[in-house]
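Just so you know, ligand 1 is whichever comes first in the structure, and atom 1 is the first atom listed for that ligand.
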Amino acid sequence: MPGVPAHVAVTTPSLLIDLFCQVVDNYGDIGVCWRLARSLTEKTPHRVRLWVDNLTAFQRLEPRIDHSGYQALSNQITLWHWERIHQVEQAGDVVIEAFGCDLPAPFLPKMLEQNSLWINLEYLSAEDWVNDCHGMPSLQPNGLRKYFFFPGFAPATGGLLREPDLLERRDNWRATPNLRWSQLKELGVPAELCDMLLHGGRQVFLFNYPNAPTTALVRALNTDSKPAVILQPHENGTHASQLASYVHLVKIPFVPQVHFDTLLWGSDLNFVRGEDSLVRAIWAGTPFIWHIYPQESNAHLLKLSAWLNKSPFDEHVKQLQMAWNHADAAGCEDIISALVSRPEHWQAWCHSCQQWASDLARQADLATNLLQFFTLHAGTR
Ligand SMILES: Cc1cn([C@H]2C[C@H](O)[C@@H](COP(=O)(O)OP(=O)(O)O[C@H]3O[C@@H](C)[C@H](O)[C@@H](O)[C@H]3O)O2)c(=O)[nH]c1=O
């Protein structure tokens, strides 16, 4: 694809990168770190030690995880449980502290010995102050070189996680409809609902926090001329039910992260949450609604507004995103009904999502930006 920066070519020697992840709750912290570990090693000579404190969450995303706390996940990625911190002698050339997770104290002297480059990888935000703080040094009394690294939507930030061939893979997957049908079957979607989707039904993927106004969604979809099938991730296998005359719900099993994108690519409307599924929904380039992770003092609402200001959505879609996050059932029902019943509005939404994905994909991705930063700063002893 023209204009898309490839991952940094091999201009540096192989680096050892320690990537520390603490699972606060849910799947986003390890979701981002696991994806980042793969991106940093894809077509590069670098090695990643991925330090994780909770293997149960990780196992949902990657079923190969065996709970031993020390495991090769590829030729270049090794998983280490935080408990094993005393078992390594040297720190990496680069140490990434994901989301302010506070590095284990015994590791700091090793970083000093190695003069490791210390990266404080922050949460994703579209707020403008991020542009000024990205890449800034964070002075350390012990002399270690530490820098803030902010993922973001603007070219002045660290960018978004995206594999170089992602949009091409997405388009190829969509060009092969059999892949979608086999996926639905594997998820356990009943044959008659697969048929319904094959004949123009609306596939809705629903990954939400518990306070989402899902009943309003069902009522709105029931006013649509097309039948809808909602796929909702669930703990205990597949279970289908009919919620309204034209709306079916299928609880689907959690899929390994490598298959997560195709759930979004196959759906006409995606509801996502947190940080990682938001970014993947953007790359899907189809209509989506973001349930942002709720924070104390409603700090998340500022982040949501900043993100909406950067988005290409029209006023209705912006109001809908707000209404979903405020659990405003009446607002959601009205706007979703209007969007599904007016094809020109729906098409405008589709177009803005498609365009946003292509526009953002012209910027360098997070792993490429990190690797460039390492080239500039690592190994300066
Ligand atoms: C539903 C599903 C998700 N996933 C993956 C996609 C993502 O990598 C991950 C979900 O992460 P998120 O979308 O970020 O939503 P989340 O709610 O799980 O995680 C959140 O955790 C909080 C602690 C953070 O502060 C939030 O910012 C956010 O990251 O799970 C699968 O691999 N298979 C699935 O079937």
**Message:** How far is atom 35 (O) of ligand 1 from the closest protein heavy atom, and which atom is that?
**Reply:** Val255 N, 2.8 Å
**Asked** Between Leu304 and Met322, what is the shortest heavy-atom contact and its length?
**Response** CD2-SD, 3.8 Å
**Request:** Would you mind checking which non-hydrogen protein atom is closest to atom 23 (C) of ligand 1, with the distance to 0.1 Å?
**Result:** Asp25 OD1, 2.9 Å
**Request:** Using the ring of Trp290 (Phe, Tyr or Trp, six-membered ring only), decide whether Arg273 places NZ or CZ under 6.0 Å from its centre and within 45 degrees of its axis.
**Result:** no
**Asked** Which of the numbered atoms in ligand 1 are below 4.0 angstrom from a heavy atom of Gly274?
**Response** 14 (O), 15 (O), 28 (C)
**Item:** Contact check, side chains of Asn54 and Ile30, non-hydrogen atoms, under 4.5 Å
**Value:** no
**Item:** Atom indices of ligand 1, in the order listed, that fall short of 4.0 Å to a heavy atom of Ser277
**Value:** 12 (P), 13 (O)
**Item:** Derivation and outcome, salt bridge (Lys or Arg N to Asp or Glu O under 4.0 Å), residues Asp334 and Arg219
**Value:** CA-CA 10 Å; Asp334 286 354; Arg219 278 202 296 266; over 6 Å; no
**Message:** Return the closest protein heavy atom for atom 29 (O) of ligand 1 as residue, atom name and distance.
**Reply:** Gly28 CA, 3.0 Å
**Message:** Considering both backbone and side-chain atoms of Pro233, is one of its nitrogen or oxygen atoms within less than 3.5 Å of a nitrogen or oxygen in ligand 1?
**Reply:** no
**Prompt:** Got an N/O contact under 3.5 Å between Asp29 and ligand 1?
**Reply:** no
**Item:** Salt bridge Arg202-Asp224, side-chain N to carboxylate O under 4.0 Å
**Value:** yes
**Message:** On a heavy-atom basis, I'd like to know which of Tyr27, Phe99, Tyr293 is closest to atom 24 (C) of ligand 1.
**Reply:** Tyr293
**Request:** Report yes or no: is the cationic atom of Arg169 (NZ for Lys, CZ for Arg) closer than 6.0 Å to the six-membered ring centre of Trp173, at no more than 45° off its axis?
**Result:** no
**Message:** So, using ring pair (Phe, Tyr, Trp, His ring centres under 6.0 Å) as the criterion, who are the partners of Trp51 when residues are at least two apart?
**Reply:** Phe20, Trp80
**Prompt:** Taking N or O atoms only and a 3.5 Å limit, does Val24 qualify as a polar contact for ligand 1?
**Reply:** no
**Prompt:** Which word best sums up how the rings of Tyr147 and His377 line up, parallel for under 30°, tilted for 30 to 60°, or perpendicular for over 60°?
**Reply:** tilted
**Prompt:** atom 17 (O) of ligand 1: which protein heavy atom is closest, and how many Å away?
**Reply:** Tyr209 OH, 2.5 Å
**Request:** Answer with side chain, backbone, both or neither: which part of Leu61 has a heavy atom less than 4.0 angstrom from an atom of ligand 1?
**Result:** side chain
**Message:** Tell me the contacting part of Trp34 for ligand 1: side chain, backbone, both, or neither, using a 4.0 Å heavy-atom threshold, strictly below.
**Reply:** neither
**Prompt:** Got a salt bridge between Arg47 and Asp93, using NZ or NE/NH1/NH2 to carboxylate O under 4.0 Å?
**Reply:** no
**Item:** Heavy-atom check, side chain of Ile65 versus side chain of Val52, under 4.5 Å
**Value:** no
**Prompt:** Of the protein's non-hydrogen atoms, which lies at the shortest distance from atom 32 (O) of ligand 1, and what is that distance?
**Reply:** Gln257 CA, 3.1 Å
**Item:** For atom 8 (O) of ligand 1, closest protein heavy-atom neighbour
**Value:** Asp276 OD2, 2.6 Å
**Asked** In the protein, which heavy atom is nearest to atom 27 (O) of ligand 1, and how far is it?
**Response** Glu275 CB, 3.8 Å
**Request:** Begin from the C-alpha positions of Arg342 and Glu344 and carry the test salt bridge (Lys or Arg N to Asp or Glu O under 4.0 Å) through to its verdict.
**Result:** CA-CA 6 Å; Arg342 298 204 197 120; Glu344 67 284 10; 5.2 Å; no
**Item:** Protein heavy atom at shortest distance from atom 12 (P) of ligand 1
**Value:** Arg273 O, 3.6 Å
**Fill in**
Closest to atom 2 (C) of ligand 1 by heavy-atom distance, out of Tyr123, Phe254, Trp290, is Phe254
**Prompt:** Any idea which atoms of ligand 1 are less than 4.0 Å away from a heavy-atom of Gly31?
**Reply:** 8 (O)
